[in-house]
J.: 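Here you go, one structure.
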Amino acid sequence: MTVVDTRRQTYPVGIEGVSIGSIERQVPTGEAPALAPNRQLSVIGKPIPRVDGRAKVTGAARFTVDVKLAGMLHARFLRSPHPHARVVAVDVSAAERHPNVRAVHLITATVGRAVESAPKDGTADSRQRRVLYVGDPVLAVAATTPRDARAALDLIKVDYRPLPFVVDIEDARADNAAAVFEGPVHGVGFVEGSSNEAALPQRGNVRGPNRAGSRGDVTQGFAQANVVVEGEFRTQVQTHCCLETHAVVADWRPELLTVYLSTQYAAGVRNELAAAFGLPRSRVRVVVDAMGGGFGSKSSAATYVRAAVALSRIAHAPVRLVLERDEEQLDSGNRPATVQRFRVGAAQDGRLTAMSLDEYGTAGVGLGAGVGNIAEAMYECPNFAITQHDVFINAGPGCAMRAPGNVPGAFALEQVIDDLAGKLLMDPIALRDRIDLNPVRREERRIGAERIGWSRRHAPSADAGPVKRGLGMAQSYWGANVQMNSACEVRILRDGAVEVLSSVQDIGTGISTVLAQVVAEELGLRPEDITLRIGDTDFPSGPPSYGSMTTASITPPARNAARQVRVQLLEAAAPALGVAPEQLVVRGGRITSADSSHSISFREAAARLPTDQISVIATRSEDYGGFGRRMGDMASAKNHLGGVQFAQVAVDTETGIVRVERVVAVHDCGRPINPLQTESQIHGGILQGISYALFERRMLDRATGHVLNANLEQYKILRSRELPAIEVVVLENYQGMSSTDAYGVAEPALIPTAPAVANAVHNAIGVRMRELPMTPATVLRALGRLPQRSPGV
Amino acid sequence: MVCNSGDEKDRRKSATMSRRAFLKRTGLAVAGATTAVETGFATGTQSAAAAVARVTASPVVGPGTAGITLNVNGDERLVSVEPSTTLVDALRDALGLTGTKIGCDRGSCSACTVWLDRVPVASCMLLAVDVGGRKITTIEGLATGEALHPVQAAFVAHDAVQCGFCTPGLVMSCAALIDGNPSPTPDDVRSAISGHLCRCGTLPHVVAATLDAATTAGGPR
């Protein structure tokens, strides 16, 4: 523990419009003073248009796919056409003779999937690589043009020995199932709260149970219950479908490896690549300007990134590797499918006495198909038993996707709680008021219920006629995460220019605008006066853009750096004003004495700087009240993020079509910095949630192991005709935890949507939807108007 | 075209090959009927195809590269393209106009939307050699100098932008809508963008921005 000097400071605490009090904290002396609630500020909390908006609407924004370097080669993967096969021989000689082929790179190691723990037995067979799914990369080539790269692949001969395979989760669990792996595996999962590094039992294709999170005694708990509800829920594989496919341009030079990458974590990838290629971090630079969506799938130096770097090293030329859309659907990650068996017991007054969850999920050949910690953490329940299992199938590895675990987890949990309310003859909101002790969500339920008109909610299936309407609600739970390894530099130049520098990347969430606002507020300037230089590891290491942690991690360092550089500016300006530096205020682009008698412009003050520029780099301090959890550089605040959503649906009982007509979303993210961008992100969560609830599903063919809808026509995603009316309310929830008191919202905005829709469908038709997506066929089956079929993945 | 008959990979490819993929791989384009896919409409919408089906009479070109002239954003630009080069590849690679994006390269996401004679089309579904003398407008050519098109300005003001990758295509479809229909309804906007995919989920702001742009533009420009 580092010893730091501290001072006492009073912070606003509470929800704006409900009650605001104050709390005294002991904070490090380097921290900027307490920030007033948003209504007293001039830039923070205002709906400022995003700073890169103009570049994005004029086509000027530079994405990784737009990077063009002199002498740049074009790379392409050769991918397995088999769901499971041994690669007996690869003949690349004809391709290497192609005049425009400059490099061929055989893939010998992949990242992002489970790794077999047992040492190889040394037989010829075991030394041959096995491809584990259709689309598993075998090798990559780099050629002068994309056409040449494609032609080169046609010249390569691969001798595959096909092996038995399995792509259905139920088939894979059978005792006689084809084995995906030859022995026990290990690896790191990606679901919050999961501990996949621990040794777990493995039998056939099933690894688990993982009982982490269990507490109390459920047998005793169920014995105490007056009411028990249970159900089995199934969720599908969803794919990220970033509009910009995974893209990299790698430029290997003896003095510096530069990697232009569409990534959610420039600093993390820099460190990974340095380790993978045995380079000091000083010789690896990762750059990302505009970034076309990631949703969890662009977080690491994955196989394609390493392949591009390897090709560039061989060819001594920059290499561009951009996945095609079908490759994207096969091999860039996905949200795992799950089967969840829930059982909940409660006393007559609603108090939960026991909850058990038995889950089997599949991340293909990856680990981490758990359903997160939402069932463990959202409601008060003394006895909780959880058993989670990874089931391996011959399909591309899953990876983190926006709120991994909690999205499928909430779909099941929130419907079970709704069922419990029905059985107890309680209103679902009244039940949650009893079992959810979080005061912020309580307020969110109250506001949301009022906005949606919850009081007019009728009994299930009460509408006459074939189209039935219903209201439903569901809740979110997500950690208020922080990456402590976050730094930001703020510079003031002699001409009055202000620069903010960090490797943090703006993936569309608007962090550049947020940083401009935070620094402008501190320096009495406008956001447009601030120059953002981000997305480049030449700058101080910023946090990742995942885990809803970016704003919470990087805005406090930005504000603290701005504060410290402002102190230096005022020291330089004070003599000209004849006032002590601490008597000066910055406001409206001017430096003014506290009594307003003396004043110079920011630019005039900057002209008096002792050097061409002054600069301060600040880092993230711990939350003032301490963290709830800390694991290395990662931490979670004591208070988690809430969020409650309400949905109104119309279900046509003759066609089975579900329409979401209206959504009311009430969320909290500490102090919202930019309400316009926050609303955009919440829209995104809701629309991805409806799309997950009603349309999306990766389809695997049981007979061939091929993905049947590796495109954007047959993989259905919500479009404009399915837009509901959306109303967003964002609370200002002050907690006095950091110099900005700001946290994230991206993941909480998605978690409750699908269960809110499902609960609304239940309210409409009186039938519980236990399977996603809720297609017309599944709705008609649930209504008993179509025969049942065995579900698959 | 390199073709190893009997190879599993090729059999799989040929089974899924579209007419366009066939054209791209054979490297030969023949004069004849060319159907441009109008974007903004879901793939397969009859009105879309009917609206812009055109017969062009381009000369036989290829195999090998050919020099053609494209009218892009008001300028005649000479480009050297393969007969199989799509319009979007010609714009992005040959002319450096990278504002137009490729999301799927098969006409299902509309990220590549440009105007042909002021009608929005999917530029990934057209061969450059088939464009002929029609006037191409890309996202780079929409603003008038520093003055943004009202739709562009409204997209910024309403935050109808998140990652920004689908944005140029959406802007082109929405701008074409209000240029042709000065007072669109919300349904008109939803219809105009129904072929576009936005994964960030920013469409509510797109609708609001376009309606606002129509109001502030005060009619067709």
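Letters go in sequence order (proteins before strands), and every chain restarts at 1.
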J.: For the atom pair SG (B:C104) and OH (A:Y715), what is the distance rounded to the nearest 0.5 Å?
T.: 15.0 Å

J.: Do B:R190 and A:E722 come within less than 4.5 Å of each other through their side chains, counting heavy atoms only?
T.: no

J.: So, do A:S680 and B:V161 sit near enough that their side-chain heavy atoms are less than 4.5 Å apart?
T.: no

J.: Closer than 3.5 angstrom, by distance alone: can the side chain of A:K68 be matched with the main-chain N or O of B:D93 as a donor-acceptor pair?
T.: yes

J.: Could you walk me through whether B:L142 and A:T58 satisfy the side-chain contact (heavy atoms from CB on, under 4.5 Å) test, starting with their C-alpha distance in whole Å, then the side-chain angles of each, then the deciding distance to 0.1 Å, before giving a yes or no?
T.: CA-CA 8 Å; B:L142 194 61; A:T58 55; over 6 Å; no

J.: Within this structure, what is the CE-SG distance for the pair A:M291 and B:C163, rounded to the nearest 0.5 Å?
T.: 8.5 Å

J.: Would A:S720 and B:H196 count as having a side-chain donor-acceptor pair, cut-off 3.5 Å?
T.: no

J.: Side chains of A:L712 and B:L197: closer than 4.5 Å at any heavy-atom pair?
T.: yes

J.: Walk me through whether B:Q152 and A:R54 qualify under side-chain contact (heavy atoms from CB on, under 4.5 Å).
T.: CA-CA 8 Å; B:Q152 290 175 307; A:R54 188 184 177 97; over 6 Å; no

J.: Output yes when a side-chain donor or acceptor of A:K56 lies under 3.5 Å from a complementary backbone atom of B:F165, and no otherwise.
T.: no

J.: Heavy-atom cut-off 4.5 Å, strictly under: side chain, backbone, both or neither for A:Y160 against chain B?
T.: neither

J.: Is B:V151 in contact with chain A via its backbone, its side chain, both, or neither, using a 4.5 Å heavy-atom distance?
T.: neither

J.: Would you say B:S84 and A:R147 are linked by a side-chain donor-acceptor pair, where the criterion is simply a distance under 3.5 Å?
T.: yes

J.: Using non-hydrogen atoms and a 4.5 Å limit, figure out which bit of A:T509 sits close to chain B: side chain, backbone, both or neither.
T.: neither

J.: Taking A:E696, A:R402, A:E328 one by one, which has the highest count of heavy-atom pairs under 4.5 Å against chain B?
T.: A:E696

J.: Is the closest side-chain heavy-atom distance between B:I102 and A:V65 below 4.5 Å?
T.: no

J.: Please classify the contact between B:A111 and chain A as side chain, backbone, both or neither, with a heavy-atom cut-off of under 4.5 Å.
T.: side chain

J.: Who passes side-chain contact (heavy atoms from CB on, under 4.5 Å) against A:N711, sequence neighbours left out?
T.: A:E713, A:Q714, B:R106

J.: Do the side chains of A:R721 and B:S191 get nearer than 4.5 Å, heavy atoms only?
T.: yes

J.: Hey, which of A:G293, A:G53, A:G684, A:A55 has the most heavy atom pairs under 4.5 Å with chain B?
T.: A:G684

J.: Go through the structure and list residues passing salt bridge (charged side-chain N to carboxylate O under 4.0 Å, His left out) with B:D159, not counting sequence neighbours.
T.: A:R50

J.: Please walk me through it: do B:T98 and A:R62 pass side-chain contact (heavy atoms from CB on, under 4.5 Å)?
T.: CA-CA 8 Å; B:T98 54; A:R62 186 182 70 159; over 6 Å; no

J.: Assess, by modelled atom type and distance only, whether the side chains of A:H683 and B:Q162 contain a donor and an acceptor separated by less than 3.5 Å.
T.: no

J.: Flag the one option from A:L243, A:I726, A:L687 with the top tally of heavy-atom pairs under 4.5 Å to chain B.
T.: A:L243

J.: Indicate yes or no for a side-chain donor-acceptor contact from A:Q688 to the backbone of B:R199 under 3.5 Å, with no hydrogens or angles considered.
T.: yes

J.: Counting only heavy atoms from other residues, nucleotides and ligands, does the tally under 6.0 Å from NZ of A:K46 exceed 12?
T.: yes

